[in-house]
Amino acid sequence: MKPSSFRKTRISSIPLFLNMLPDNRATDYEAATSFLGEWGRFQRRVFFLLSLSVVPNGLTAFSIVFLADTPDHRCALPAHLNLSAAWRNSSIPLEEDASRGGALVPSKCSRYKVEYLLNYTERGLLPGLDVNLSNVPKESCLDGWEFDHSVYESTIVSEWNLACGESWKTPLTSSIFFCGVFTGSLISGQLSDRFGRKIVMFATIALQAVSRFIQVFSPSWIVFCALHFIVGIGQVSNYIVAFVLGMEVLGPRTRTVFSTAAVSLSFGVGYMLLPLFAFFLTDWRMLLLALMLPSCLCMPLWWFIPESPRWLLSQGRTEEAEAVLRKAAEMNNIEPPTVIFSSLQHRVKTEEKRPCNICDLLRSPNIRWISITLWVIWNTITIAYFALSLNTANLNGNAYFNCFLSALMEMPAYVLSWVMFRWCSRRMSVFSSLSSAGLFLLIIQLLPDLDALSITFEMLGKFAVSTAFAVVYAYTAELYPTVLRNTAVGACSTAARIGSIIAPYFIYLRTYSVSLPYILMGSLTAAAGLLSLLLPESFGMPLPDTISHMLQFPGCCQKTPNTENEEKAEEETTLVKRSHPQITQQP
């Protein structure tokens, strides 16, 4: 590789590369591709198109808040019953509502026995005057329910009567979706590490669009849930692969902005659009149809988003990786070197011939403890994030505004995550955000009767959790090597889905105590913040390319020098010096 081949050769990066040998050779790729620059036309295209592809995920992730919201309802009475107007209006008993401070409200799941009401009507007795209603026997809603249609034209609850005794199906619907997310997280990383980032990304976008379209015609709740499971597979797979693809294609500085702010803000934009869609489309089938269209609009991006050169190189497909970079150089109006990966090609064919899989996440003590720690942290963050997001329908006030406010709180959180990731320690960023979230959530249970103040602290908790979520995504991608990065992020997302599956039931605990969900979530997030301090620090370090490049977990450091790596590093140093004789003359 001759220096004359460059229009702007960055020789200053070569000494840095030499200084980091033998312990870290991950700078090879960064040095070999530095001729592209950081923010050319190619990088801008990848940056914005990958961010755009994430917007449909924000629309889909919490759509169940409106699709399965439970409208106000009461027991239905058969229209043919010969009841007087007075008894028809008084057919529903009053019950105390704990969420409204013990106020008396009409029962949603019981009515007075119909035969007694018919008897009182025939005798001409009046409710409350001639008959003490507290002595009238009650029964369940044997003839179904009457749902209020002032907010929603229809939801799956009103469509299939998922109320009262069937209300357990509502949180189960969310859990089934997150089971799909669990499955997608488990398989998408391994598929993209095996077959490529680009093909898996667009295959899962298509899967999400097709399953949404079929879901519109669901004839029953069971069919709806089966298709909702498939939607979950496509939803998370698209997000994870797009995230990793951007991390690998973009340069160090642009990568930081993309992994923290850009992807998360795009997700937040989709999330903010959800209540707007739901406000104008109050029929759940029409809402589903509208949510499908953004995924369809992302399919033409296939012709504009490239495959990851890092992944191609890790598979020994050096010529294809160079072809992508040469096209990128042409877009940036830069003349590429004659040979881009001369010092990497031999190593890829010898060291990385064996394909990595999910078992490598547990093979050595170092990577095993990093993986287990991250799985616990991801799982805790996911419980808090999804529980708080799904809880917006239960807050006082307008459901659409509360959902929009919850989404809006994420926007400054993602900007803060970028600031923290750009200038702060990774461990301290995760620790501070999780600890703050735990504090805000624990304070809520001290303010049960102050609705506005409770909502404020809940939104602050959502803000802190969203910040932690954005930081830990990028942090995880930094800790793992290219040959295992998508599998590792997918595995962390898989472990986190345990939290998302049980998150709807955290909200269900409100039926027993309004404060209980906040106490549990606050304690878990605070404990996870302390656990994050055990992770290795990756701030300022280049992305690792092989497992041997990974940072060490405390207590897992090598006790004897790896002479084989030192010999290889010495050979690489000699090769670089021969290719760049001018570096020996630098002071």
Side-chain angles (χ1 to χ4, degrees), residues 61-62 178 260-261 264-265 267-268 271 373-392 394-395 402-403 405-421 424-448 450 452-476 492-493 495-500 502-507 509-510 514-535:
F62 304 110
F178 290 120
T260 53
S264 301
L265 287 172
F267 181 90
Y271 187 11
T373 302
L374 284 172
W375 292 346
V376 174
I377 293 173
W378 274 67
N379 194 50
T380 303
I381 294 175
T382 307
I383 289 176
Y385 177 79
F386 283 98
L388 293 174
S389 299
L390 295 173
N391 192 44
T392 54
N394 296 320
L395 300 178
N402 288 336
C403 182
L405 183 61
S406 178
L408 184 63
M409 291 301 297
E410 296 189 13
M411 308 306 277
Y414 297 144
V415 174
L416 176 61
S417 70
W418 169 73
V419 173
M420 298 174 72
F421 211 76
C424 301
S425 161
R426 306 297 189 244
R427 288 183 299 186
M428 291 308 299
S429 298
V430 177
F431 168 73
S432 59
S433 54
L434 283 177
S435 300
S436 299
L439 178 63
F440 291 138
L441 294 177
L442 288 173
I443 288 176
I444 294 176
Q445 56 94 21
L446 302 176
L447 309 166
L450 303 176
L453 196 56
S454 297
I455 292 176
T456 299
F457 275 97
E458 178 159 345
M459 293 304 164
L460 288 174
K462 178 67 180 300
F463 171 85
V465 169
S466 300
T467 303
F469 216 151
V471 171
V472 80
Y473 243 107
Y475 186 19
T476 301
C492 287
S493 182
R497 296 318 131 191
I498 299 174
S500 61
I502 65 176
Y505 293 97
F506 268 70
I507 303 306
L509 292 175
R510 288 174 57 92
V514 176
S515 301
L516 185 57
Y518 301 114
I519 295 174
L520 292 176
M521 289 187 289
S523 302
L524 288 173
T525 51
L530 293 173
L531 185 62
S532 67
L533 296 175
L534 293 176
L535 291 170

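Just so you know, these numbers use all the heavy atoms, side chains as well, and skip hydrogens, waters and symmetry mates.
Scored by the side-chain hydrogen bond (donor to acceptor under 3.5 Å, both in side chains) test, Tyr385 finds Glu410 as partners (sequence neighbours excluded). Residues forming a salt bridge (charged side-chain N to carboxylate O under 4.0 Å, His left out) with Glu458 (at least two apart in sequence, or on another chain): none. For Met459, the side chain to side chain contact (heavy atoms under 4.5 Å, CB included) partners at least two apart in sequence or on another chain are Leu395, Leu405, Ser406, Met409, Ile455. Listed by chain and residue number, Phe62, Phe178 satisfy the ring-ring contact (aromatic ring centres under 6.0 Å, His included) test with Phe386 (two or more places apart in sequence, or in another chain). Scored by the side chain to side chain contact (heavy atoms under 4.5 Å, CB included) test, Thr476 finds Leu374, Trp378, Val472, Tyr480, Val489, Cys492 as partners (sequence neighbours excluded). With sequence neighbours left out, the side chain to side chain contact (heavy atoms under 4.5 Å, CB included) criterion links Ile502 to Ile383, Phe506. Checked against side chain to side chain contact (heavy atoms under 4.5 Å, CB included), Ser532 has the following partners two or more places apart in sequence or in another chain: Ile377, Val430, Phe431.
Taking both residues in full, the closest heavy atoms of Val465 and Ala437 are given as CG2-CB, 3.5 Å, listed atom of the first, atom of the second, then distance. For the residue pair Ser432 and Ser429, the shortest heavy atom distance occurs at OG-O, 3.2 Å. In this structure, Ala387 and Ala503 approach most closely via the heavy-atom pair N-CB, 3.8 Å. Pairing each heavy atom of Tyr414 with each of Leu265, the nearest pair is CD1-N, 3.6 Å. The minimum heavy-atom distance between Val471 and Ser417, with the atom names listed, is CG2-CB, 3.7 Å. A pairwise comparison of heavy atoms in Phe463 and Pro412 identifies CE1-C, 3.6 Å as the closest pair.
Distance CG/Leu534 to OG1/Thr373: 6.0 Å, rounded to 0.5 Å. Annotation: the span from Met420 atom CE to Thr467 atom OG1 amounts to 7.0 Å, rounded to 0.5 Å. With rounding to the nearest 0.5 angstrom, the OH atom of Tyr475 is 7.0 Å from the OG atom of Ser425. From Phe469, atom CZ reaches atom CG of Leu434 across 11.0 Å, with rounding to the nearest 0.5 Å. Leu441 CG to Ser436 OG: the interatomic distance, rounded to the nearest 0.5 Å, is 10.5 Å. To the nearest 0.5 angstrom, Ser433 atom OG is 10.0 Å from Met428 atom CE.
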What pairs of donor and acceptor atoms, side-chain ones from residues 519-531 against any protein atom, are under 3.5 angstrom apart with sequence neighbours left out?
{"unit_1": "Ser523", "atom_1": "OG", "unit_2": "Ile519", "atom_2": "O", "d": "2.9"}
{"unit_1": "Thr525", "atom_1": "OG1", "unit_2": "Gly438", "atom_2": "N", "d": "3.3"}
{"unit_1": "Thr525", "atom_1": "OG1", "unit_2": "Met521", "atom_2": "O", "d": "2.9"}
{"unit_1": "Thr525", "atom_1": "OG1", "unit_2": "Gly522", "atom_2": "O", "d": "3.0"}

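Among residues at least two apart or in separate chains, there is no salt bridge (charged side-chain N to carboxylate O under 4.0 Å, His left out) pair with a member in residues 428-439.
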